[in-house]
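Everything on this sheet refers to the single structure shown next.
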Amino acid sequence: MSACVPAPADSARTKHVHPPHSPPPGPRRFRIAGADVSASIAVFLIALPLSLGIALATGAPLQAGLVAAAVGGIVAGRIGGCPLQVSGPAAGLTVVTADLIQQYGWRTTCAITVLAGLAQLGLGCLRVARSALAVSPAIVHGMLAGIGVTIAVAQLHIVLGGTPQSAVPENLAALPAQLANLHPADVAVSALTLTLLFLWPRLPGRVGRVLGKLPAALIAVAAATALAALTGLRLPKVGLPSWSSHALAALPDGPVLGLVAAVLTTTLVCSVQSLLGAVAVDKLVAARPGLTGRVRRSDLDRELLGQGAANIVSGSLGGLPIAGVAVRSSANVAAGAVSRNSTMLHGGYVVIAALLLVPALELIPLASLAALVMSVGLKMVSLNHIRTVTRHREVLVYAVTTGGVVFFGVLEGVALGIAVAVGVALHRLTRTRITHEETEGGHHIHVRGQLTFLAVPRLSRVLHQVPHGADAVVELDGSFMDHAAYETLQDWQKTHTAQGGSVDITGRRPGIRISEPVEVDDCRCRPWTAWRNHQCERPPTATAPPDAGSQDTTGVADLTGGRGGTGGTGGTGGAGGREGTTTSSPTDLARGISAFQRNTAPHVRGELARLAREGQQPSQLFLTCADSRVVTSMITSSGPGDLFVVRNVGNFVPPPGEESGDDSVAAAIEYAVDVLKVRSITVCGHSGCGAMQALLGTEPGGAQTPLKRWLRHGLPSLARTPGDGDGADGPRLAGRAAADTAERLCLANVVQQLEHLRAHKSVSRALAAGGAGGGLELHGMYFHVGEAQAYLLAEEAGEDGEAVFRRVLETDLTA
């Protein structure tokens, strides 16, 4: 099969051969799951107003939005490689399409959409979809933020009753005059729409949970339409011309270079948004219990083919450009869709609505659609994305891309972002700090950053400051050294050694030396390299000498004598050459402290000094097991001063009382609640807990050791845990039953210890206090060590009344 022809949807289905001596099976009956039907209705109710609003924002005929929504659902839904992604007119394409319509007219814009679809087909055939994901997220998020700002500023004029200009600077300049000449009817309808969009998902109580299932966009537009109709407001409304006069694509008319740039821009924005959306949908699918095996992961190349085919059809029929839409895709997954049938059905519903519901659609006020699209544009400027790019020191790339898109255009803004991203990468690559310090033991030369040929002049100058015959230590604190730097360092080492001096070249960890221009740190487990109890992947050429276990010689070699042997610090290298064996020694602690003092302390010293002056003010008490695999700061991404941590065997909270209580845990709870005024307490259990295993294996009677006396605090948890033959599942984990009795006990123990926690006087007082600033929250948490996945105890029990632990996810979908 050619790479350009998408595989049929059922190509991987196993062929079943009917048994011998039985009649052949009858024709297969097409069936649609009920979940797909309900999900398609939910998506349709969201897609209908958004499609009209995006068409309004671009200046295209309003029917073009309906055409694109129908084609995106049917064509892209059938051919695309992401079964649950919903395609259609996207907010990310609004600015691009509006510019094309203004510059070339509507019919030529349709032709550009067709050409962009052909370009996407070519990219799909070349199987380059994965390479599109190499674009820096800061550029993608900056592009979407710039588009969102442009949309919001333009639609604000329609919200206020005016007409938007062609560019953001012009819209901003015209805004004071527009504010001075408000149209009360348009403002009232827009205000109602925005209010419902904000408040509808936040309705409290059981009624809120029921009504919240209806899309806020549909409710907002419907309410605004009803207000305009009942009060007789005179304001512009949706005008859908007859389908007989609908404009179709025409041959492109304009300068060749301009048309090529337009096609490339449309192709880029459509493709990147669709591919990123497909990756995000995969994350949502993986989070839904029982769906991972039924819905295959996205085939990104096939998704490009599906998007290309949809754009060809949409452009030919006079529709807007098409891309994967995050809002509709996330709603599709959340509504329970299990196959591509939901996407295709929603496209069919749009066709029916476009043919039969025209009189109802023409009652919708344009100001309501503008308010809806403006809210979508504002959501595209995500504070979460800004925090992320700031944390990764890419805020400059994000800001330049956003500003470029706002003031110059999408293609120009992306080009500026790419240029700045390349410049930042080169700056980081060439930013190497080389320092020389003379100590009592000799001379210490510290190289921070990547050691490339650009840093060779500075390196050579500093190396020659070391006197002849002196002892020198060269520490390479980076991950790469090229050939020019390697030869410079090797030649100087040979010369200095010949003159009676000594040279010790180390990496980021004591005892690590560099033998040739390869990556400095061969170990891929950097956060734990100072310790040995982990599996560490090493290059296949690494070998372990017989005496490797006696010292830390990972990657040790002499620059004067070629390659040396590689000892193991544990894992696959093995200590002493024993594969898979892990060892530890008293020097591990000193080595780890030394690494902290050298690498981490300089970065946190200021923060720790502030905490030392002000005292600790943690917001949470975190009570967890003493198991060495549960690293609280890593799991919670917390730092100094964030958590007040109590650890014990089995994460027990002994109930209060002289006989059964435990003053150590009780004192920590009292201090955290009454003195530190923590706002929440979390009890965290974990998989494979040794205390729970001991509880299951404890025989009554026998000698009362300290461990047995401590484990008595887990007996209530054991009593509420159903066994394998009891017919009950006990607490559930992300929609599934616990894997075995041990896991059931681990989950039940978290629930039971929360009950013990509520019995403590300080906790009960804080819970009863309530109110702003005076309340206390209790949380249950379960950490699955093997999956590296955290689960939080849901506030509401499941249908069977048992506790349910929900998976904690990272979901990044942009409207």
Side-chain angles (χ1 to χ4, degrees), residues 54 57-60 90-106 108-109 112-113 115-116 119 132 135-158 163-175 252 254-273 276 320-321 323 373-374 376-382 385-386 389 394-427 814-815:
I54 291 171
T58 61
L93 296 165
T94 302
V95 176
V96 177
T97 310
D99 289 342
L100 294 180
I101 294 173
Q102 185 179 11
Q103 188 171 357
Y104 299 106
W106 171 241
T108 299
T109 300
I112 291 172
T113 302
L115 294 175
V135 179
S136 170
I139 296 175
V140 175
H141 297 323
M143 177 189 73
L144 294 175
I147 291 172
V149 170
T150 305
I151 292 172
V153 173
Q155 296 308 297
L156 180 59
H157 283 270
I158 302 178
T163 303
Q165 305 298 316
S166 58
V168 174
E170 297 173 1
N171 281 319
L172 292 175
L175 193 56
V256 176
L257 291 179
L259 291 173
V260 170
V263 171
L264 290 178
T265 303
T266 306
T267 304
L268 171 68
V269 178
C270 289
S271 302
V272 171
Q273 183 165 341
L276 291 176
L320 290 171
V373 177
M374 185 178 73
V376 173
L378 292 175
K379 289 179 181 178
M380 294 172 71
V381 186
S382 170
H385 292 160
I386 295 175
V389 298
E394 291 187 320
V395 68
L396 179 62
V397 179
Y398 179 91
V400 169
T401 306
T402 302
V405 170
V406 169
F407 292 103
F408 302 109
V410 175
L411 189 61
E412 293 84 352
V414 171
L416 283 174
I418 293 175
V420 172
V422 171
V424 170
L426 291 176
H427 174 68
T814 305

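In terms of the side-chain contact (heavy atoms from CB on, under 4.5 Å) criterion, residue partners of V400 (sequence neighbours excluded) are, by chain and number, L396, L416, V420. Qualifying side-chain contact (heavy atoms from CB on, under 4.5 Å) partners for A60, counting only residues two or more places apart in sequence or in other chains: T58, A64, I101, W106, L320. Residues passing the side-chain hydrogen bond (donor to acceptor under 3.5 Å, both in side chains) test with E412, sequence neighbours excluded: none. Looking at residues two or more places apart in sequence or on another chain, you find no side-chain contact (heavy atoms from CB on, under 4.5 Å) involving A98. A search for side-chain contact (heavy atoms from CB on, under 4.5 Å) contacts involving L115 returns L118, P252, V263, not counting sequence neighbours.
For the pair P137 and V389, the minimum side-chain heavy-atom distance is 4.5 Å or more. Looking at I147 and M380, their side chains come closer than 4.5 Å, going by heavy atoms from C-beta outward.
Of all non-hydrogen atoms in A91 and V376, the two that sit nearest each other are CB-CG1, 3.7 Å. C270 approaches P321 most closely through the heavy-atom pair SG-CB, 4.2 Å. For the pair A119 and T267, the tightest heavy-atom approach, listed with the atom from each and the gap, is CB-OG1, 3.6 Å. In plain terms, the two heavy atoms of Y104 and I112 that are nearest each other are CD1-CD1, 4.0 Å. Taking every heavy atom of both residues into account, A116 and T266 meet most closely at CB-CG2, 3.8 Å. Scanning all heavy atoms of the two residues, the minimum distance from A145 to V381 falls at O-CG2, 3.7 Å.
Summarising the geometry, atom CD1 belonging to I151 is positioned 9.5 Å from atom CG belonging to L378; distances are rounded to the nearest 0.5 Å. For the atom pair CG of L144 and CD of Q273, the computed distance is 6.0 Å after rounding to the nearest 0.5 Å. One distance of note links CD1 of I54 with OG1 of T97; it measures 9.5 Å at 0.5 Å rounding. Atom NE2 of H157 is separated from atom CD of E170 by 10.0 Å, given to the nearest 0.5 angstrom. Between the CG atom of L93 and the OG1 atom of T113 there is a distance of 9.0 Å, given to the nearest 0.5 Å. For the atom pair OG1 (T94) and CD (Q155), the distance works out to 8.0 Å, reported to the nearest 0.5 Å.
No donor-acceptor distance shorter than 3.5 angstrom exists from the side chain of T150 to the backbone of V406, with no hydrogens or angles considered. The main-chain N or O of Y398 is never found under 3.5 Å from a side-chain atom of H141 such that the two would form a donor-acceptor pair.
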Next item on the list: Any chance you could lay out the side chain to side chain contact (heavy atoms under 4.5 Å, CB included) test for I139 and I418, step after step, and finish with the verdict?
Entry: CA-CA 7 Å; I139 296 175; I418 293 175; 3.7 Å; yes
Checklist line | Stepwise side chain to side chain contact (heavy atoms under 4.5 Å, CB included) check, V269 with M143 | finding: CA-CA 9 Å; V269 178; M143 177 189 73; 4.2 Å; yes
